[in-house]
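Here's the structure we're looking at; comments come further down.
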Amino acid sequence: MTDAIFSIENLSIDSTRGGERTRIVDGLSLSVRPGEVYGLVGESGSGKSISMMTAVGLAAPGLDVVSGEVTFDGTRRDARDQRALRRPLSHGAALLFQNAKGALTPFLTAGRQVERTLRKAGHRRNLRSEVTELFRVVGLNHADHGHKYPHQISGGQAQRVAMACALATNPRLLIADEPTTALDVTTEGELLRFLTGLCRERDLAIVLIAHNLSLVSEHCARLSIMHAGQLVETGERDRIFATPLHPYTNGLIEAVPDLDAPRELVPLKGTVWGGPPGHERCRFSHRCPHAKAACDAGRPPEVTRPGQTVHCILHAEEPA
Ligand SMILES: Nc1ncnc2c1ncn2[C@@H]1O[C@H](COP(=O)(O)OP(=O)(O)OP(=O)(O)O)[C@@H](O)[C@H]1O
């Protein structure tokens with residue numbers, strides 16, 4: 001995709017535990033445009049965080065980046081060289097995590113946290129007014145909250161302070177890793193609407209990582225669905241919801257309650273990593289109602305349909 005500001009191609013990561021090597025991310029590719037909130041969805045443990053942290057040069061020690069290329073702002077880099085990858089991304093990208101309160105420094109007021117980030121980003125003049133402006137941008141009143149310590153504000157307010165810190169570096173890419181999981185539903189909705197607006201106003205590219213498909217579908221026009229380290233389906237939200245092609249996507253959609261048309265929810269059977277070892281196969285086969293021998297015999301083929309790409313043998317066999 002030529003107009004993407006951030007793209008990942010064929011990222012694979014191995015982890016070795018107890019002498020056993022496991023491919024925890026297997027050939028992930030995705031790309032995000034400026035002004036877009038892109039969703040990365042999957043159950044807990046499917047590899048969303050590890051993929052995105054590695055793509056910005058923050059792979060945990062001990063992980064082996066086997067392959068992958070990351071393009072940011074027009075320059076392509078080998079993901080195996082994490083240091084080289086981290087340098088440009090540490091200036092152009094910001095990260096938001098689930099527990100904002102825990103991420104803020106407990107002995108610094110909310111205002112000082114933002115001021116410190118501004119200083120680190122090289123700002124020296126008009127710091128007070130820049131902090132006040134960043135508070136305004138994230139929907140907080142500096143006079144009310146700037147002097148408070150993290151334990152004196154709510155989880156939603158702490159997440160807004162974390163956002164102000166993130167915006168202080170003027171990023172072009174924001175990776176938001178389950179940023180609202182610890183918040184109540186109303187605050188969650190408010191914050192995500194706010195993030196979406198921010199993304200449009202500032203032409204910011206956002207990758208929203210979440211396990212909740214309905215949440216992502218509300219805020220992202222394009223998304224990727226991940227299972228056990230592999231992407232199973234990618235594409236436009238409307239197409240994916242209208243005609244889910246992968247049995248896993250279908251399972252996730254069936255598990256989402258629909259208040260307008262109540263129906264029996266169908267929980268997904270099995271666990272993410274419950275299948276036989278080896279990555280040269282479909283990793284959903286042990287949970288799939290349509291599985292056949294061929295699913296375990298090789299990697300699932302990538303099949304492209306208008307606005308959608310699926311990795312599944314079922315669709316390789318039918319005409320486009
Ligand atoms: N530092 C590490 N070294 C080795 N394996 C790891 C490491 N961190 C995570 N893993 C494993 O990698 C897999 C993917 O983890 P990851 O945290 O990326 O999942 P996730 O989809 O983001 O889940 P969650 O929503 O729970 O954060 C899991 O099986 C996890 O146990």
Side-chain angles (χ1 to χ4, degrees), residues 8 10-30 32 37-68 70 79-80 82-83 85-86 89 93 95-100 102-103 159 162 174-183 188 191-192 206-217 219-220 223-234 246 248-249 251-252 255-256 267-268 270-279 281-287 311:
I8 308 171
N10 196 30
L11 180 67
S12 291
I13 306 166
D14 280 3
S15 127
T16 305
R17 276 183 179 167
E20 198 180 314
R21 198 173 172 88
T22 311
R23 175 85 24 114
I24 53 176
V25 176
D26 185 29
L28 176 131
S29 300
L30 59 81
V32 196
V37 187
Y38 191 97
L40 181 58
V41 195
E43 286 165 282
S44 189
S46 54
K48 309 176 296 290
S49 303
I50 283 213
S51 303
M52 295 315 299
M53 290 310 115
T54 303
V56 297
L58 292 173
L63 290 180
D64 181 9
V65 184
V66 180
S67 70
V70 174
R80 289 173 300 177
Q82 285 280 292
R83 213 172 149 195
L85 195 56
R86 190 158 59 239
L89 279 150
L95 310 174
L96 270 187
F97 296 103
Q98 182 175 325
N99 178 10
Q159 194 56 278
L174 178 67
I175 311 282
D177 192 349
E178 310 258 8
T180 57
T181 303
L183 306 176
E188 174 173 73
L191 269 172
L192 289 175
I206 300 182
V207 179
L208 176 62
I209 302 176
H211 56 263
N212 182 337
L213 180 63
S214 62
L215 183 86
V216 165
S217 72
H219 300 278
C220 307
L223 54 112
S224 284
I225 297 163
M226 197 166 185
H227 179 272
Q230 294 177 327
L231 281 192
V232 297
E233 189 158 355
T234 285
H246 199 282
Y248 180 57
T249 315
L252 288 179
V256 173
L268 270 161
T271 55
V272 174
W273 292 94
H279 63 273
R281 61 176 189 87
C282 171
R283 291 176 171 187
F284 185 66
S285 63
H286 66 288
R287 308 174 80 181
H311 298 256

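Both ligands and their constituent atoms are indexed starting at 1 by order of listing.
- Within ligand 1, counting atoms from 1 as listed, the ones closer than 4.0 Å to a heavy atom of E43 are 21 (O).
- Nearest protein heavy-atom neighbour of atom 25 (O) of ligand 1: K48 NZ, 3.2 Å.
- Within the structure, ligand 1 has S46 among the residues with a heavy atom less than 4.0 angstrom away.
- Among I50, I13, V272, the residue whose heavy atom lies nearest to atom 7 (C) of ligand 1 is I50.
- Within the structure, the closest approach of G47 to ligand 1 falls below 4.0 Å when heavy atoms are considered.
- Looking only at side-chain heavy atoms (C-beta outward), L192 and L208 come within less than 4.5 Å of each other.
- The S15 neighbourhood of ligand 1 comprises atoms 4 (C), 5 (N), with distances under 4.0 Å to a heavy atom of that residue.
- At a heavy-atom cutoff of 4.0 Å, ligand 1 is contacted by no atom of I209, backbone or side chain.
- For atom 17 (O) of ligand 1, the closest heavy atom belonging to the protein is S49 CB, 3.9 Å.
- The proximity of E178 to ligand 1, defined as any non-hydrogen pair under 4.0 Å, is limited to the side chain.
- Applying the 6.0 Å contact sphere to CZ of R86 captures more than 12 heavy atoms from other residues, nucleotides or ligands.
- Separation of atoms CE (M53) and CD1 (I209) is listed at 5.0 Å; rounding is to 0.5 Å.
- For atom 30 (C) of ligand 1, the nearest protein heavy atom lies 4.0 Å away or farther.
- Using a 4.0 Å cut-off between heavy atoms, A60 contacts ligand 1 through its side chain alone, with no backbone atom that close.
- Smallest separation of non-hydrogen atoms from V272 and G45: CG1-O, 4.4 Å.
- Some N or O of S44 is nearer than 3.5 Å to an N or O of ligand 1, by distance alone.
- From the protein, the heavy atom lying nearest to atom 5 (N) of ligand 1 is R17 NH2, 3.3 Å.
- Closest approach of R80 to V65, counting heavy atoms only: CG-O, 3.1 Å.
- The CD1 atom of I8 sits 7.0 Å away from the OG atom of S51 when rounded to the nearest 0.5 Å.
- Counting all heavy atoms, side chain and backbone alike, R23 lies closest to S12 at CD-CB, 3.9 Å.
- Contacts between I24 and ligand 1 below 4.0 angstrom, taking non-hydrogen atoms only, involve the side chain exclusively.
- In this structure, L223 and L213 have side chains that are in contact, with non-hydrogen atoms separated by less than 4.5 Å.
- Each of H311, E43, R287 was compared with H227 under the side chain to side chain donor-acceptor pair (under 3.5 Å) criterion, and only R287 meets it.
- If you take CG on N212 and OG1 on T180, they are separated by 8.0 Å, rounding to the nearest 0.5 Å.
- Annotation for ligand 1: atoms under 4.0 Å from non-hydrogen atoms of L63 are 2 (C), 3 (N), 4 (C).
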